[in-house]
2 protein chains.
Amino acid sequence: MSDSEHAGGKGRRKPITARELARLIGVSQSAVSRAFTPGASIAAELREKILRHAAEVDYHPNAIASMLSRSRSNIVGIVVSDMQNPFYPALIEKLSRALQQVGLQSLLFNIAKGSNLEHQLSAVRRYNVDAVIVISATILSGATLRWVTEGRAAVLINRVVDGGELSCVACDNIAGGRAIADHFHQLGHRRVAYVAGLAHTSTNLERQNAFITRVAELGMTLGGHFDGGEYSYAAGRRAALEVAAKGNIDAVFFANDILAAGGIDAFRDEAGLRVPEDISVAGFDDIAMAGWPRYSITTFRQPLDEMVQVTVGMIEDGSCEPGQSATIRRLSGELIVRKTTGPFVSR
Amino acid sequence: MSDSEHAGGKGRRKPITARELARLIGVSQSAVSRAFTPGASIAAELREKILRHAAEVDYHPNAIASMLSRSRSNIVGIVVSDMQNPFYPALIEKLSRALQQVGLQSLLFNIAKGSNLEHQLSAVRRYNVDAVIVISATILSGATLRWVTEGRAAVLINRVVDGGELSCVACDNIAGGRAIADHFHQLGHRRVAYVAGLAHTSTNLERQNAFITRVAELGMTLGGHFDGGEYSYAAGRRAALEVAAKGNIDAVFFANDILAAGGIDAFRDEAGLRVPEDISVAGFDDIAMAGWPRYSITTFRQPLDEMVQVTVGMIEDGSCEPGQSATIRRLSGELIVRKTTGPFVSR
DNA sequence: CGAAGTGTTGCATACGTATGCAAAACTCGA
DNA sequence: TCGAGTTTTGCATACGTATGCAACACTTCG
């Protein structure tokens, strides 16, 4: 039973290295490296020869060694904390695809809500990610700032931080809040309510303030302001029950679509209200489900593709590097009127 | 304007290395390494001293260098191709959390449906991931097998491959298909239909065959067998319209909940059928949405937590290494009866 | 007090690729 | 044919940590 190297057994055999391949062909290891480096100084002829032999012996450059040598990982850390809201998976999917498009991989840091962030942050740092994308409303601003102080490229998506040191990409929540208020007003509603997700998050504050301000400007009454405590279906349901219990509300703006979905179900099935005949409901984000007939939620659409494009652009051109002054990109969204809002009917 | 090293500016300053820290304290670089390695041979006293100084100068071990040195990355590649179905984000979230729990990070490989897999597979290989978890029904069996032949630890979730060379973790789809058939039969339905997602996937085949077989055993009639072409809301809707057009069907088993959701909406809103009075509907997976009152789908629940636990276990104990004989773990699910199925009413 | 045993530390090197620099090969015009 | 200019190639080293091995310190027992 010979144990020669071409045994081809099932065990994990050590992959071939650039140096071995080089010796095999009779060139230098540098040549192999250059053959796999686009734009490197190498004759086209030699490159092809090397690539051909590489394919034969199944050589793949070791990305780890490359990272160490170049002090660059080609990996982007994506920090997320809530994958239950379909908006985030949708965003992550588009992001990771766009990043792969430009040769970057996505290392997922799925941070648990309660646990100590410090420990998780240290993981982000040990892996020398080229950039960090934070897609989370729940991370404390202080900790996030510390990363950038640490000197790492970073982009916050769907969240804006005041300090002016972090680059952000977000939808124009102000315009969104106003648009919903205008829409309610146009339909004839006069007593409206707002349901928050997480009260202290920037997205919530922006939508909330814009909505409330516009409501006042238009002479409508803010009949209530509720806080779900989280951006979830269950929270929307709870808030809706409070709204229903309070009574005398024409229209409700939920801080996002998942809340709205929970709210709509609670109104219809638990509070005995018809939507939109008895009460109008609007959400935010325009997740896929919002377009389904069972919900058909009037909402403010976030420009997902554009957000992704801008974010990847910032990472590519280095404009989110710590040296640069932070960019804040506000992308405009779009009011999508569906069937959860309708004209006011006096009762 | 001095340019000294403590300038503390905003630019990305190079992180301190173990060797620098060592010189600073007056110990060897090995000592620093050992201080950060649990179980290494080092005096508790010295370790504490090193860790204290490390915290002061903000030293973090470079994970890249560690990977290269140990030929082990502590990274698990997660291969996904469809994040639209909420089942997958939910699974990924739980997986990444469980992996972090045991010190592993998740590198996300979000493979595009149409594009050439070869290119993406090579990325999986260049990063020396310790293991690969495939959570995708759409990857070709041949390509997947090639990875393992390549000699990498791998686990397939929610998909079983015949060759016996790959470890798999899956729900007992056979029992699920049977349970749905039994449930339909108990309710008095006699003419049933099946709606496939992707026809050639193992999950689909198992659910389908079990269902159809049991339907025959119980003396029911298979009134139709439809193929959505993908596991999506839109596909479910299309299939439901076909079912409705065909007519004379008592109950439909959709291959998963997303299909079922689309189907239910199409029955109710487009075909004018009541669910479950006119037609019963069952799904599979028990995604969060299936429990919402608007849908309240009767479904077969996959034991998500257990699947994650088993998968991480296989990676930890190395039982999915290429040398080992492949394990196939079948986890039992549970029929969840909700409101989309009801007793047969003669028409 | 010396020897054996145990626990701790440092030295030196390996991991696999990238790249500055110099040597070599090639091109082109005089 | 030779030299200047350009492209291509190889050499040598750096990247930062882990670890086998030997040296060292310390404990314990005879």
Side-chain angles (χ1 to χ4, degrees), chain A residues 12-51 53-54 57-75 103 122-123 125-130, chain B residues 12-51 53-54 57-75 103 122-123 125-130:
Chain A
R12 176 197 295 232
R13 62 171 179 278
K14 221 173 53 178
I16 187 173
T17 71
R19 190 164 280 115
E20 290 167 340
L21 173 59
R23 189 173 316 150
L24 214 64
I25 313 185
V27 297
S28 73
Q29 178 264 322
S30 328
V32 174
S33 171
R34 287 193 255 258
F36 281 87
T37 306
S41 166
I42 186 174
E45 194 177 318
L46 179 57
R47 164 173 280 151
E48 272 180 46
K49 175 179 172 186
I50 292 178
L51 291 180
H53 283 263
V57 299
D58 203 29
Y59 165 78
H60 292 255
N62 182 327
I64 308 286
S66 168
M67 290 180 210
L68 181 60
S69 182
R70 306 200 320 152
S71 317
R72 186 154 198 288
S73 61
N74 277 1
I75 288 184
S122 87
R125 303 219 298 229
R126 285 201 308 275
Y127 294 87
N128 266 343
V129 296
D130 292 344
Chain B
R12 176 197 296 231
R13 62 172 179 278
K14 220 173 52 177
I16 186 172
T17 71
R19 190 164 281 116
E20 290 166 341
L21 174 60
R23 189 173 315 150
L24 214 64
I25 314 184
V27 297
S28 73
Q29 178 263 324
S30 326
V32 174
S33 172
R34 287 193 256 258
F36 280 87
T37 307
S41 167
I42 186 174
E45 195 177 317
L46 179 58
R47 163 173 282 151
E48 274 181 43
K49 176 179 171 187
I50 292 176
L51 291 181
H53 284 262
V57 300
D58 202 30
Y59 166 77
H60 291 257
N62 181 326
I64 307 286
S66 168
M67 288 181 211
L68 181 60
S69 182
R70 307 199 325 153
S71 318
R72 185 157 199 287
S73 62
N74 277 1
I75 288 184
S122 86
R125 302 220 298 231
R126 284 200 309 273
Y127 294 87
N128 267 340
V129 296
D130 292 344

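Quantities reported herein were computed from a predicted structural model and do not represent experimental measurements. Letters go in sequence order (proteins before strands), and every chain restarts at 1.
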Run the side-chain donor-acceptor check on residues 24-42 of chain B: report pairs under 3.5 Å with partners two or more places apart or on a different chain.
| unit_1 | atom_1 | unit_2 | atom_2 | d |
| --- | --- | --- | --- | --- |
| B/Ser28 | OG | B/Ser30 | N | 3.4 |
| B/Ser28 | OG | B/Ala31 | N | 3.2 |
| B/Thr37 | OG1 | B/Ser33 | O | 2.8 |

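Axis orientation changes by 40° from one end of the helix from C/dC1-D/dG30 to C/dA30-D/dT1 to the other, with each end axis drawn from 5 pairs and the value rounded to 10°.
Using modelled atom types, no side-chain atom of A/Glu48 and backbone atom of A/Glu45 make a donor-acceptor pair closer than 3.5 Å. With A/Ser73 contributing its side chain and A/Asn128 its backbone, the two residues share a donor-acceptor pair below 3.5 Å.
For the pair A/Glu20 CD and C/dA14 C1', the computed distance is 14 Å after rounding to whole Å. One interatomic measurement links the two molecules: CZ of B/Phe36 to C1' of D/dT19, which rounds to 18 Å at whole-angstrom precision. Nucleotide C/dT17 holds its C1' atom 13 Å from the CG atom of A/Leu21, rounded to whole Å. Nucleotide C/dT19 holds its P atom 11 Å from the CZ atom of A/Arg72, rounded to whole Å.
For the OP1/OP2 pair of C/dT17 and a distance below 4.0 Å, the side-chain nitrogens and oxygens of A/Tyr59 include at least one atom meeting the criterion.
Side-chain contact check for B/Tyr59 versus B/Leu51: every heavy-atom pair is 4.5 Å or farther apart. With a 4.5 Å cut-off on side-chain heavy atoms, A/Leu21 and A/Val57 count as touching.
The side-chain hydrogen bond (donor to acceptor under 3.5 Å, both in side chains) test applied to B/Arg47 returns no partner, not counting sequence neighbours. Under the salt bridge (Lys or Arg N to Asp or Glu O under 4.0 Å) criterion, A/Arg72 pairs with A/Asp130, sequence neighbours left out.
Non-hydrogen atoms lying under 4.0 Å from DNA chain C are contributed by B/Leu68, B/Ser69, all within residues 62-70 of chain B.
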Problem - Stepwise side chain to side chain donor-acceptor pair (under 3.5 Å) test for A/His60 and B/Arg125 - result: CA-CA 7 Å; A/His60 292 255; B/Arg125 302 220 298 231; 2.3 Å; yes

- Task: Apply side chain to side chain contact (heavy atoms under 4.5 Å, CB included) to B/Leu68 and A/Met67, showing your working.
- Result: CA-CA 9 Å; B/Leu68 181 60; A/Met67 290 180 210; over 6 Å; no

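Atom OG in A/Ser71 sits 10.0 Å away from atom CD1 in B/Ile64 (nearest 0.5 Å).
Scanning all heavy atoms of the two residues, the minimum distance from B/Ile75 to A/Tyr127 falls at CD1-CE2, 3.6 Å.
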Set out, line by line, the N/O atom pairs under 3.5 Å between protein and nucleotides 9-13 of chain C.
| unit_1 | atom_1 | unit_2 | atom_2 | d |
| --- | --- | --- | --- | --- |
| C/dT9 | OP2 | B/Ala43 | N | 2.9 |
| C/dG10 | OP2 | B/Ser28 | N | 3.2 |
| C/dG10 | OP2 | B/Ser28 | OG | 2.9 |
| C/dG10 | N7 | B/Arg34 | NH2 | 2.7 |
| C/dG10 | O6 | B/Arg34 | NH2 | 3.0 |
| C/dC11 | N4 | B/Ser30 | OG | 2.8 |

